[in-house]
Protein chains: 2
Amino acid sequence: MEHEDPRTRILDAAEELFYGQGIQAVGMDAVRAASGMTMRRLYQHFPSKNDLVEAYLLRRDGRWRASLAVHVSRAGGTPREQLLSVFDWLGLWFAEPGFRGCAFVNSFGELGATTPVVAAAARHHKEEFGGYLAGLAEAAGAPPATAAHLTLLAEGAITTAALHGDPTAAADAKEAARLLLDAALAG
Amino acid sequence: MEHEDPRTRILDAAEELFYGQGIQAVGMDAVRAASGMTMRRLYQHFPSKNDLVEAYLLRRDGRWRASLAVHVSRAGGTPREQLLSVFDWLGLWFAEPGFRGCAFVNSFGELGATTPVVAAAARHHKEEFGGYLAGLAEAAGAPPATAAHLTLLAEGAITTAALHGDPTAAADAKEAARLLLDAALAG
DNA sequence: CACCAGTGAGAACGATCGTTCTCACTTCAG
DNA sequence: CTGAAGTGAGAACGATCGTTCTCACTGGTG
């Protein structure tokens, strides 16, 4: 993997470090070492740490949502089953080694108050996720309020799984989602 | 308020700064200035920043849960109404000026990976909160699974309200909680 | 060959942080 | 009064960070 695009190598190293340890806890020299770059080349690609942080968040947002969409579309079945498969995907994510919650929630808590770009990236990520769930819910014939409820469940599952280091939050959230969908589609 | 206990003055200043800006973003000199102390006196009461952070989290945990318990107990009514009043209290909290999400989730994302004391405080806070909801749910005749579902809703509402700066997440969560309770108590 | 543009490796710089030290001053005991 | 003990105010210290600079070297061009 050493012949990859330098930008990709830097972002891979930055993502692992930033996500795993927090952004402020990781110095540029650690990113340089982990990516096998020199300082000069690192700063050629990302003129400041802020630029690197922004690129890290943007790339992760795209990849995270694309991975979710792939899983849901492959789940097939009815729209209702697709909607519920979101929580299966969350369960897979929670069980990944090194899972440490939502990168956007974490970076928002750390830098949201002082770095507008981080706050905006976090908001954008959550809005896109909520909008995606709303689309799935509409296809399943559920009202918008139900979509909001499922979004809260997913959000709570992410935080709970991160804090407890326990992926069962995904199954709990899925069960609650099923009950809410039943109630919404029956009424 | 200048004649208050020095320890309280320091913790008040530290809490406002740490919660509002993040822990790493706030230097000890800022805490000193905001509390009207000298460096010497600040370090007399808290020998290191780690000690101050730990005390900040412990005190906030106690006050947060006590405030919730007072609100719920004053809500009176049936156990079911008490359980739902948790979400009313969340709505009040979300609307407070300077609300920026859960201090424990924020500090966990920032320091949880590198500072065990912070990770433990965050876990303890969430466990206590989940246990409290479980007790209310049991009194209301709801099964433990329902308590877990409501905990996820509350957790999700906190994160969502913080990111969007919009307190309506509490009302959404309350509505979902009502539906889940209805389903659980009917079955 | 001479020359130049760019690189690798890492030192250097200025700022900031957590923490400790200095020192003039006060207070009180004898 | 003399001296011991403690304080306020802030400078100082050592570490670390983000960022830039140095310098010897390489590869290609005339």
- Message: Using a strict threshold of under 4.0 Å (side-chain N to carboxylate O), is an ion pair present between B/R63 and B/E15?
- Response: yes
- The complete set of ring-ring contact (aromatic ring centres under 6.0 Å, His included) pairs with one or both residues in residues 7-28 of chain B, sequence neighbours excluded, reads B/F18-B/Y56
- Strand contacts (DNA chain D) in residues 45-56 of chain A, 4.0 angstrom heavy-atom criterion: A/S48, A/K49
- Query: Salt bridge or not for B/R7 and B/D12, using N-O below 4.0 Å?
  - Reply: no
- Note on the structure: Atom CD1 of A/I10 and atom C1' of D/dG18 are separated, to the nearest Å, by 15 Å
- Message: In whole Å, I'd like the distance from the CG atom of B/L17 to the P atom of C/dC17.
- Response: 12 Å
- Query: Per the end-axis method with five pairs at each terminus, what is the bend angle of the helix from C/dC1-D/dG30 to C/dG30-D/dC1, to 10°?
  - Reply: 30°
- Query: Is a salt bridge present between A/R32 and A/D29, judged by a nitrogen-to-oxygen distance below 4.0 Å?
  - Reply: yes
- Item | Any donor-acceptor N/O pair, B/R80 side chain to B/A140 backbone, under 3.5 Å | no
- Please list residues of residues 26-42 of chain A whose heavy atoms come under 4.0 Å from any atom in DNA chain D, ordered by number; otherwise none. A/V26, A/G27, A/M28, A/M39, A/R40
- Message: I'd like to know if A/D61 and A/R65 make a salt bridge, using a cut-off of under 4.0 Å between side-chain N and carboxylate O.
- Response: yes
- Task: Among residues two or more places apart or on two chains, list those pairs meeting ring-ring contact (aromatic ring centres under 6.0 Å, His included) that have a residue in residues 121-150 of chain B.
- Result: B/W64-B/H125, B/W64-B/F129, B/F104-B/H125
- Query: With sugar-phosphate meaning primed atoms plus P, OP1 and OP2, does A/Q44 contact a base, only sugar-phosphate, or nothing at under 4.0 Å between heavy atoms?
  - Reply: sugar-phosphate
- Message: Set out, in order, the CA-CA distance, both residues' side-chain angles and the distance that settles side chain to side chain donor-acceptor pair (under 3.5 Å) for B/S67 and B/W89, then state yes or no.
- Response: CA-CA 9 Å; B/S67 169; B/W89 182 81; 3.1 Å; yes
- Query: Charged N to carboxylate O below 4.0 Å: is that the case for B/R123 and A/D166?
  - Reply: no
- Task: Scan residues 86-110 of chain B for pairs that pass salt bridge (Lys or Arg N to Asp or Glu O under 4.0 Å), counting only residues two or more places apart or in two chains.
- Result: B/D88-B/K174
- Please give, in whole Å, the distance from D/dC17 C1' to A/I23 CD1? 15 Å
